[in-house]
Amino acid sequence: MTDTPRTLHIATWDDRFLAWLVDVLLVGSVLTSLGEVAGVFAVLTGSLSLTTPFAGLNGLALFLYWTALEGYQGQSAGKMVLNVAVTDERGDPIDYGTAAIESFGKAFLLPLDIVIGWLAYEKEGLRLFNRLSSTIVVETDGDADERPSDVEYVYPSDR
């Protein structure tokens, strides 16, 4: 029996950006709603301040959101919508520790994470924290259980 290489289609930067945008809007709307509830509570109790208790927590909320969802199933809501997923370099699921490393860059250091990735890993389509966590973002195909045993990468620039 011949082992057929596993083919993983690396997700485009466009798909990754749109998935990120969906996630940021989703988490941002939840935090805004919580902030509004806290503001109403502050008005009702007479402890009105100019800042909500949720100010500055966006990065932390996004970090926890991405770590939990990508560590559990490889996909956040945005990735599900765009049919992309985070995997290890062989296309296998990642764990929570790996998801935490991968998520840290996009939650707290996104501009630096992307610029270094574009400059150092342009062909591979990696952010810096993808490289540090040994992860890739791939297009999902729905046939994850029937993948062959080896790997062949198909990059957006090769199509």
Side-chain angles (χ1 to χ4, degrees), residues 1-34 54-159:
M1 181 169 114
T2 305
D3 285 334
T4 307
R6 176 186 290 181
T7 301
L8 300 173
H9 293 272
I10 305 302
T12 65
W13 285 109
D14 293 344
D15 286 346
R16 294 174 71 174
F17 170 75
L18 291 173
W20 172 86
L21 185 61
V22 168
D23 291 337
V24 168
L25 292 173
L26 178 66
V27 172
S29 65
V30 169
L31 287 178
T32 299
S33 297
L34 292 174
F54 300 102
L57 291 181
N58 287 336
L60 180 60
L62 285 165
F63 172 73
L64 294 173
Y65 166 81
W66 281 316
T67 299
L69 290 179
E70 293 174 359
Y72 176 69
Q73 62 188 13
Q75 291 180 297
S76 61
K79 285 183 176 62
M80 286 182 222
V81 169
L82 274 292
N83 294 318
V84 297
V86 178
T87 68
D88 70 8
E89 293 173 329
R90 296 195 50 77
D92 295 324
I94 61 173
D95 58 22
Y96 289 106
T98 302
I101 296 167
E102 188 267 341
S103 298
F104 186 85
K106 64 184 168 186
F108 300 112
L109 303 169
L110 186 62
L112 183 64
D113 190 16
I114 288 177
V115 168
I116 290 173
W118 281 342
L119 295 175
Y121 314 112
E122 178 184 1
K123 183 182 184 309
E124 293 90 356
L126 298 175
R127 293 181 296 107
L128 172 63
F129 280 81
N130 286 127
R131 174 62 76 188
L132 295 176
S133 63
S134 299
T135 59
I136 55 176
V137 180
V138 297
E139 296 174 0
T140 57
D141 59 6
D143 297 328
D145 296 331
E146 299 179 26
R147 291 180 180 161
S149 62
D150 261 332
V151 175
E152 174 189 344
Y153 295 106
V154 179
Y155 297 102
S157 61
D158 295 339
R159 289 186 230 156

For the residue pair [X] and [Y], what are the closest heavy atoms and their distance?
X	Y	result
Tyr96	Ala68	CE2-O, 3.4 Å
Gln75	Thr140	NE2-CG2, 3.7 Å
Ala11	Pro156	O-CG, 4.0 Å
Ala85	Lys79	CA-CD, 4.3 Å
Val22	Ala77	CG1-C, 4.5 Å

For the residue pair [X] and [Y], establish whether any side-chain heavy-atom pair is separated by less than 4.5 Å.
X	Y	result
Asn58	Val27	no
Val138	Ile10	yes
Ser134	Asp88	no

Exam field: side chain [X] to backbone [Y], donor-acceptor pair closer than 3.5 Å:
X	Y	answer
Arg16	Gly125	yes
Ser29	Leu26	yes
Asn83	Glu139	no
Asp113	Phe129	yes
Asp23	Gly78	yes
Arg127	Glu102	yes

Gln73 atom CD: more than 12 heavy-atom contacts under 6.0 Å | yes
side-chain contact (heavy atoms from CB on, under 4.5 Å), paired with Leu128, selected from Leu126, Asn130, Leu132 =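 Result: among Leu126, Asn130, Leu132, Leu132 is the only option passing the side-chain contact (heavy atoms from CB on, under 4.5 Å) with Leu128.
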Could you state the interatomic distance from [atom1] ([X]) to [atom2] ([Y]), rounded to the nearest 0.5 Å?
X	Y	atom1	atom2	answer
Ile94	Ser103	CD1	OG	7.0 Å
Asp95	Thr67	CG	OG1	11.0 Å
Leu64	Leu69	CG	CG	11.0 Å

Once the angle between the rings of Phe108 and Phe63 is folded into 0 to 90°, is it parallel (under 30°), tilted (30 to 60°) or perpendicular (over 60°)?
->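 Taking Phe63 first and then Phe108, their aromatic rings sit tilted (interplane angle of 30° to 60°).
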Residues at least two apart in sequence or cross-chain that pass ring pair (Phe, Tyr, Trp, His ring centres under 6.0 Å) with Phe17, listed by chain then number, are Trp20
Only counting residues at least two apart or in another chain, list the ones meeting ring pair (Phe, Tyr, Trp, His ring centres under 6.0 Å) with Tyr65.
->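 None.
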